[in-house]
Colleague: 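Here you go, one structure.
Each chain gets a letter, A, B and so on, in the order its sequence line appears, and its residues count up from 1. Since we're looking at a predicted model, the values are computed, not measured.
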Amino acid sequence: MKISLKWLRELCPVTLSDDEIARMLTSIGLEVEGSEKRGIGPGVVAARVVTRTPIAGSDHLSLCQVDDGAGTHQVVCGAPNYAAGDIVPMARPGAKLPDGTEIRRAKVRGVESEGMLCSPRELGLSDDHSGLLILSRDVPLGKPLDELLGLPDTILEVNVTPNRPDALSHVGIARELSAISGVPVRIPEARQAGKGELPARIDVDDAERCPRYFARVIEGVHIGPSPLHVQERLRACGVRPISNVVDATNLALLELGHPLHGFDLDQLAGRRILVRRAREGEPMTTLDGKERTLSEDDLVIADGEKPVALAGVMGGLTSEVGDRTTRILLESAMFDPAGVRRTSRRHGLHTEASHRFERGMDERGAEHAANRCAELIVQLAGGRLLPGAIDVYPAPRGPVKVMVRPGRVSAVLGVAVGEAEVDRWLRALQLVPVGDGRWSVPSWRRDLTREIDCIEEIARLRGYDTIPVKLHPAGVGETAAISPQTRVTAQARTALSAHGFDEAVNYSFLAEKDLAVVSPRKPVRLANPLTSEQGAMRTTLLAGLLRNVGHNLAHGVHDVKLYELGRVYLPEPDARHPSGELAWPVHEPRRLGLALTGARRAKSWSGGGDAADYYDLKGAIEDVLEAMGITDPRFQPGPHAALHPASASLLIVAGQPAGYLGQAHPVVTAHFEVPAETYLAELDWEALLDHSVALKQLRGVPRFPAVARDLAFVVDARVPAEKLLEEIRAADERKLLERVTLFDVYRGSPVPEGRKSVAFGLSLRAADRTLTDAEADALCGAIRDRLKARVGAEIRA
Amino acid sequence: MIDRIDALLAEARQELSGARDEQQIEAARVKYLGKSGSLSGLRKSLGSVPAAERPRLGKLVTDAIAQFETLLEEARQSIGRREMDKELNREKLDVTLPGRTRRRGHRHPVSQAMDDIVGIFARLGFHVADGPEIEWDLYNFEMLGFPPDHPARDMQDTFFLDPGSQPPPPPGSPPTKGAMQQLLLRTHTSPVQVRAMLAQKPPIRIICPGKVYRSDSDPTHTPMFHQVECLHVEEGISMAHMRGTLDAFAKAFFGPTIQTRLRPSYFPFTEPSAEVDISHPLCGGKGCKLCKGSGWLEVLGAGMVNPDVLAGVGYDPERITGYAFGAGIDRLAMLRHDLDDLRTLFENDVRFLEQL
Ligand SMILES: [Zn+2]
């Protein structure tokens, strides 16, 4: 909301500086977000064009003799729209225009020019640059333009929160300024309508949507432009001047906050108004020239035949006040906020009127607004205000009464507030005590219905900085315990960092086509995404991570290790919150995603630079699991749409799948434009947490020495390593095997084609004694025998 | 004879300290301890001293010989060390070659800030609570004082979900009891307030960090961002306690000199409501370009829980009061790191992340 400080000072004549006013408003919740100084400066004055002579050789320039009261000057001007005798603004040499231009004596086409004649745009008044601003013939020569326009002024941009429709006007802000400064408000008066028959008929069909309809009639108006200072005041507040009658309604709106609408009474069929619901599909053309199809939920103002306005939103074209209008029916109504909002949104029409009605207007104030506006119309457009009004107001609202207990005020604010202080602030807001601690609320404060509303008023006026800073005892003694999840998560993150993985955070929504490449699942879609690139909720972390890999490659970063720990969104019941009022609408499990491409280690003088592969990814995952205390992970081949069949594999934790990993599928790498050697994993974080151990049990260190033995076998190349490990463990009946390390895999001569050599280092230990060589030999023999029998392993010499 | 012993020892010390190699040491040994060595000679001459003097002088001579042997040993060691040093100095490493590093990974600034915040609030007695990001209108808006067709909804541009892609509502969930079925992406972490209060009785002291969504995108707004919600509800809670927690949090996160300031504002689910400013950490509250000269930065919204919200979850607002606030974590993180374009946070550019 734009507030003219000059206007505000007329309504509440404080002696504060502009900055002090701005600070004061902000401190009571009317945040001043910016300010703009308006003014043209003393160097631009009214002057009469005495002669206008075209300059030879130019198709548009003229040489003018101009009289500014103090003397005659010659000025070169290129505007088309003026003649000798016109009064126009002249910028004298030395004047500085609002856009920063400094006016100097200059030679134009060899002709001396002693100033400049100005267009509205050059004066910062509007965007109009089609010609000079033509002033009224009765303006005294030499009068500074600022004086004509009511300038200089400062315009504040005030952010009015949705609960304060009463503050959407100069009077509203003045009331607030008055409450905090103690300077009384001076609201412009208007005579009551009195008695009289009006030449119109008004009926309201839907009193719920239109609790009050108040109207006045003005006859004999002359439509024309408003005086410059009125136009300037409107423009300064962001409203385009149109004609005197429309300007008067806007002026009243900006002053009092109540939306008003003037109809051309003679264009209303049957000179009647019917406030009713639209018929489904009924057509109407609004003031902006748009043809609209109405819904049954839209409330319209109709004449004897058709809708002439969308109630509380916008007038219609047919009854618009035009050049030939002489009789005005002035509407000042109250419409149901929610209904106006629905209509405004349905038709995409956000107007000054709808903005206010949907926040709730003062139905009692509607009458004063109409009377004041009617007088403004007569002031600006002449004519005669007919006595009497039509007031359809079947159920007048009585004032709201609220109980305010000083003890409760103190309890909520945490500082003692006495009865006298409560009294002082509520009176400042024009609440009236009605006894027993109850207060009658002024009709414009529709937001004050409960005690807490009044407590807030007292708090903001006495100042939030008067509330003490007190730490609750819970903040002193009751430290919350570190949850196991927090601990395990931190441990996993440390492992990921140690492996060189940077943490990514991606948007939860992305292009559905990106998701489709890596996951067959149907996602939940947004109904109103910002772009189609952000249209679907992710069902996997892989798509985002692959986009990140692509982004980095495109920016010359080839070694990328990223992880993301975040939710995916699956259109299915959430197993952890499946039912009841605390159910989650969709399944939002957390996942750990990894993506890896480029060098295992950066290339340096001592090596590195070799490409990372599946086993780098797997090793990182193994270390993460180890950090989380997950002891028995297994990896087995298993297909996945996003993964290359050669390495696609499943992570099995406690016998259940808990994720997948492998090289990206060629279709995937092509889609995301990432290298073929990109490795991906996505783990089920909820499952991992379930099987994690936050605080591990410790056992001390062994007391008896270990015996080390190496064994090498030649087996069929297709036998998986895990099978060999399984058989080795199975052969260890007395549980002497402390650790098995697979330290070599070899294919090629002299190992026969189709077979491989696999070497294991064994560490054998008994907890209660030193093992003998004989015991170790016996176990190694058992292992050899078992592997020979089970997988056809030959012992390598 | 005593003088003679001292003179011999001094002479031997002199000789040995000048010895450059094993031969010189051996020569000295022969000279003093050999068959005709001077110290050996002294021992022989003991026979010619009076018997009464003999024990005393004998001890002196034995001690002198022992001393001489120590000197010999020291001389030998010193020569050995000198030769070792010569050997060790033959080759040198280029210590200016880069070391073998292992590139560490880097935490995302938002998740770092989130961890810090959770830690700070744990010390203040707050537990972490959780809630879904895809929410019902009921919990995101209606029960927080945003009725349908209310202009307060304009304060939060909302992403709605395509009804055709939604799963059916879970059994017993609000839509099965008549609440609006339309799902949305939560616009703030505040629905967790409602869920927490429906789930348990006071006292409630929770925080909820998480993702929130608004359909807005420019350098200072991303359509997804992170908030942390704080809710403290029990008997006897006042706005002064709210200030206490806010102040403790701001000082713990930004440093002990940070000041907080409250300005009246409006949120449908709190009353009184406040915008909370902190003194700008970068300029120390003196005012600079980033804080538009004010010295203050708006970092969060706060307020006393609206009695209607408390009544809505079945609490008695006359007895139970509380405060709540929500802070943008991304903005807090950016402030700590002097970052100005919020969108950088979600590009996941390695060149950005590895600065952390
Ligand atoms: Zn600053």
Colleague: Might you point out which heavy atoms bring B:T158 and A:N528 nearest each other, and give the distance in Å?
Modeller: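 Here B:T158 and A:N528 meet closest at O-ND2, 2.9 Å.
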
Colleague: Between B:R261, B:R102, B:H150, which has the largest tally of heavy atom pairs under 4.5 Å with chain A?
Modeller: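 Maximum pair count with chain A is reached by B:H150.
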
Colleague: Based on non-hydrogen pairs under 4.5 Å, which of A:V412, A:N163, A:V524 is most in contact with chain B?
Modeller: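 Ranked by heavy-atom pairs under 4.5 Å with chain B, first place is A:N163.
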
Colleague: Sort B:Q112 into side chain, backbone, both or neither according to what part of it lies under 4.5 angstrom from a heavy atom of chain A.
Modeller: neither

Colleague: Looking at chain B, which one of A:R493, A:E572, A:K522 has the largest number of heavy-atom pairs inside 4.5 Å, strictly under?
Modeller: A:R493

Colleague: At a 4.5 Å cut-off on heavy atoms, which part of A:H555 comes close to chain B: side chain, backbone, both, or neither?
Modeller: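 Both backbone and side chain.
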
Colleague: Using a 4.5 Å cut-off on heavy atoms from C-beta on, say whether the side chain of B:M114 contacts that of B:R107.
Modeller: no

Colleague: For the interface with chain B, which of A:I455, A:L562, A:D453 has the highest count of heavy-atom pairs at distances below 4.5 Å?
Modeller: A:D453

Colleague: Would you indicate whether the side-chain heavy atoms of B:M239 and B:Y323 approach each other to under 4.5 Å?
Modeller: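 The answer is no, as the side chains (C-beta and beyond) never meet within the 4.5 Å cut-off.
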
Colleague: Tell me, do A:R538 and A:Y507 make a side-chain contact under 4.5 Å, heavy atoms counted?
Modeller: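 Result no, sub-4.5 Å side-chain heavy-atom pair not found.
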
Colleague: Is there side-chain contact between A:F357 and A:S344, with at least one heavy-atom pair below 4.5 Å?
Modeller: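 No; the side chains remain at least 4.5 Å from each other.
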
Colleague: Identify the heavy atoms of A:L545 and A:L594 that sit nearest to each other, and give their distance.
Modeller: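 Closest approach of A:L545 to A:L594, heavy atoms only: CD1-N, 3.7 Å.
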
Colleague: Given heavy-atom pairs under 4.5 angstrom as the criterion, report whether the side chain, backbone, both or neither of A:S483 touches chain B.
Modeller: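 Nothing of A:S483, per the 4.5 Å heavy-atom cut-off to chain B.
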
Colleague: Between B:P151 and chain A, which part of the residue has a heavy atom less than 4.5 Å away: side chain, backbone, both or neither?
Modeller: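 For B:P151, the contact with chain A is made by backbone and side chain together.
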
Colleague: Determine, for B:R186 against B:E135, whether the closest basic-nitrogen to carboxylate-oxygen distance falls under 4.0 angstrom.
Modeller: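 Here B:R186 does not pair with B:E135 in a salt bridge, since their nearest N and O are not under 4.0 Å apart.
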
Colleague: Are B:V276 and B:L262 close enough that some pair of their side-chain heavy atoms sits under 4.5 Å apart?
Modeller: yes

Colleague: What part of B:D247 lies closer than 4.5 angstrom to a heavy atom of chain A: side chain, backbone, both or neither?
Modeller: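 Side chain of B:D247 only, per the 4.5 Å heavy-atom cut-off to chain A.
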
Colleague: Report yes if the side chains of B:R153 and B:D137 come closer than 4.5 Å at any heavy-atom pair, otherwise no.
Modeller: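 Of all side-chain heavy-atom pairs linking B:D137 with B:R153, at least one is under 4.5 Å.
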
Colleague: Which region of B:V110, side chain (C-beta onward) or backbone (N, CA, C, O), has a non-hydrogen atom less than 4.5 Å from a non-hydrogen atom of chain A, or is it both or neither?
Modeller: neither

Colleague: Identify which part of B:P317 has an atom lying under 4.5 Å from any heavy atom of chain A, answering side chain, backbone, both or neither.
Modeller: backbone

Colleague: Mind ranking B:K292, B:E133, B:R351 by heavy-atom pairs under 4.5 Å with chain A and telling me who comes out on top?
Modeller: B:E133

Colleague: Between A:P529 and A:G535, what is the shortest heavy-atom contact and its length?
Modeller: CB-CA, 3.9 Å

Colleague: In terms of heavy-atom proximity below 4.5 Å to chain B, should A:Q485 be classed as side chain, backbone, both, or neither?
Modeller: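 A:Q485 has no heavy atom closer than 4.5 Å to chain B.
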
Colleague: Between the side chains of B:K211 and A:E588, is the shortest nitrogen-to-carboxylate-oxygen separation below 4.0 Å, so that they form an ion pair?
Modeller: no

Colleague: What heavy-atom pair brings B:H241 and B:G236 nearest, and what distance separates the two atoms?
Modeller: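 Closest pair (atom of B:H241, atom of B:G236, distance): CE1-O, 3.3 Å.
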
Colleague: Heavy-atom cut-off 4.5 Å, strictly under: side chain, backbone, both or neither for A:A602 against chain B?
Modeller: neither

Colleague: For A:W584 and A:H577, take the angle between the two ring planes, folded into 0 to 90°, and tell me which bin it lands in: parallel under 30, tilted 30 to 60, perpendicular over 60.
Modeller: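 Ring orientation of A:W584 relative to A:H577: parallel.
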
Colleague: So for A:R408, is it side chain, backbone, both, or neither that comes closer than 4.5 Å to the heavy atoms of chain B?
Modeller: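 For A:R408, the side chain is the part near chain B, not the backbone.
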
Colleague: Answer yes or no: is there an ion pair linking B:D130 with A:R590, defined by an N-O contact shorter than 4.0 Å?
Modeller: no

Colleague: Identify which of A:H499, A:R601, A:K561, A:E31 forms the greatest number of heavy-atom pairs closer than 4.5 Å to chain B.
Modeller: A:E31

Colleague: A:R547 versus chain B, heavy atoms under 4.5 Å apart: side chain, backbone, both or neither?
Modeller: neither

Colleague: Which answer fits B:R103, side chain, backbone, both or neither, if we ask what part of it has an atom under 4.5 Å from a heavy atom of chain A?
Modeller: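 When you check distances to chain A, atoms from both the backbone and side chain of B:R103 fall under 4.5 Å.
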
Colleague: Among B:T321, B:L356, B:L185, single out the residue with the greatest number of heavy-atom pairs under 4.5 Å to chain A.
Modeller: B:L185

Colleague: Can you see which heavy atom on B:P223 is nearest to which on B:S217, and at what distance?
Modeller: CD-OG, 3.9 Å

Colleague: Output, in order, the C-alpha distance, side-chain angles, deciding distance and verdict of side-chain hydrogen bond (donor to acceptor under 3.5 Å, both in side chains) for A:H551 and A:N548.
Modeller: CA-CA 5 Å; A:H551 167 94; A:N548 300 153; over 6 Å; no

Colleague: Side chain, backbone, both or neither: which part of B:F267 has a heavy atom under 4.5 Å from chain A?
Modeller: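 No part of it gets close to chain A.
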
Colleague: Where does A:S604 contact chain B at under 4.5 Å (heavy atoms): side chain, backbone, both or neither?
Modeller: neither

Colleague: What part of B:T176 is in contact with chain A, defined as an atom under 4.5 angstrom from a non-hydrogen atom: side chain, backbone, both or neither?
Modeller: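 Nothing of B:T176, per the 4.5 Å heavy-atom cut-off to chain A.
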
Colleague: Heavy atoms only: give me the nearest B:P264-A:R460 pair and the separation to one decimal.
Modeller: CG-CB, 3.5 Å

Colleague: If you tally heavy-atom pairs under 4.5 Å against chain A, which of B:Q166, B:E234, B:Q182 wins?
Modeller: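 Max contact count across the listed options: B:E234.
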
Colleague: Please state whether the side chain, the backbone, both or neither of A:R405 comes within less than 4.5 Å of a heavy atom of chain B.
Modeller: side chain

Colleague: Flag the one option from A:L526, A:N552, A:V505 with the top tally of heavy-atom pairs under 4.5 Å to chain B.
Modeller: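 Ranked by heavy-atom pairs under 4.5 Å with chain B, first place is A:V505.
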
Colleague: Please look at B:Y139 and chain A and tell me whether the side chain, the backbone, both or neither of the residue comes under 4.5 angstrom of a heavy atom of that chain.
Modeller: side chain

Colleague: Between A:D559, A:L565, A:I28, which shows the greatest number of heavy-atom pairs under 4.5 Å with chain B?
Modeller: A:I28

Colleague: Under 4.5 Å heavy-atom distance to chain B, tell me which part of A:P578 shows up: side chain, backbone, both or neither.
Modeller: backbone

Colleague: Please classify the contact between B:A248 and chain A as side chain, backbone, both or neither, with a heavy-atom cut-off of under 4.5 Å.
Modeller: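 The side chain, not the backbone.
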
Colleague: What I want to find out is whether A:E581 reaches B:K177 closely enough, with some N-O distance under 4.0 Å, to be called a salt bridge.
Modeller: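 The answer is no: the pair does not qualify as a salt bridge.
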
Colleague: Any side-chain heavy atom of B:L345 sitting closer than 4.5 Å to one from B:L342?
Modeller: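 Yes, close enough: below the 4.5 Å cut-off.
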
Colleague: Can you tell me which of B:V128, B:L184, B:D154, B:L138 forms the most heavy-atom pairs within a distance under 4.5 Å of chain A?
Modeller: B:D154

Colleague: Side chain, backbone, both or neither: which part of B:L353 has a non-hydrogen atom closer than 4.5 Å to chain A?
Modeller: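 Only the side chain of B:L353 comes within 4.5 Å of chain A.
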
Colleague: Answer with side chain, backbone, both or neither: which region of B:L183 has an atom nearer than 4.5 Å to a non-hydrogen atom of chain A?
Modeller: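 For B:L183, the contact with chain A is made by the side chain alone.
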
Colleague: Quick check on the interface: out of B:E275, B:R195, B:M304, B:E271, who has the most heavy-atom pairs with chain A under 4.5 Å?
Modeller: B:E271

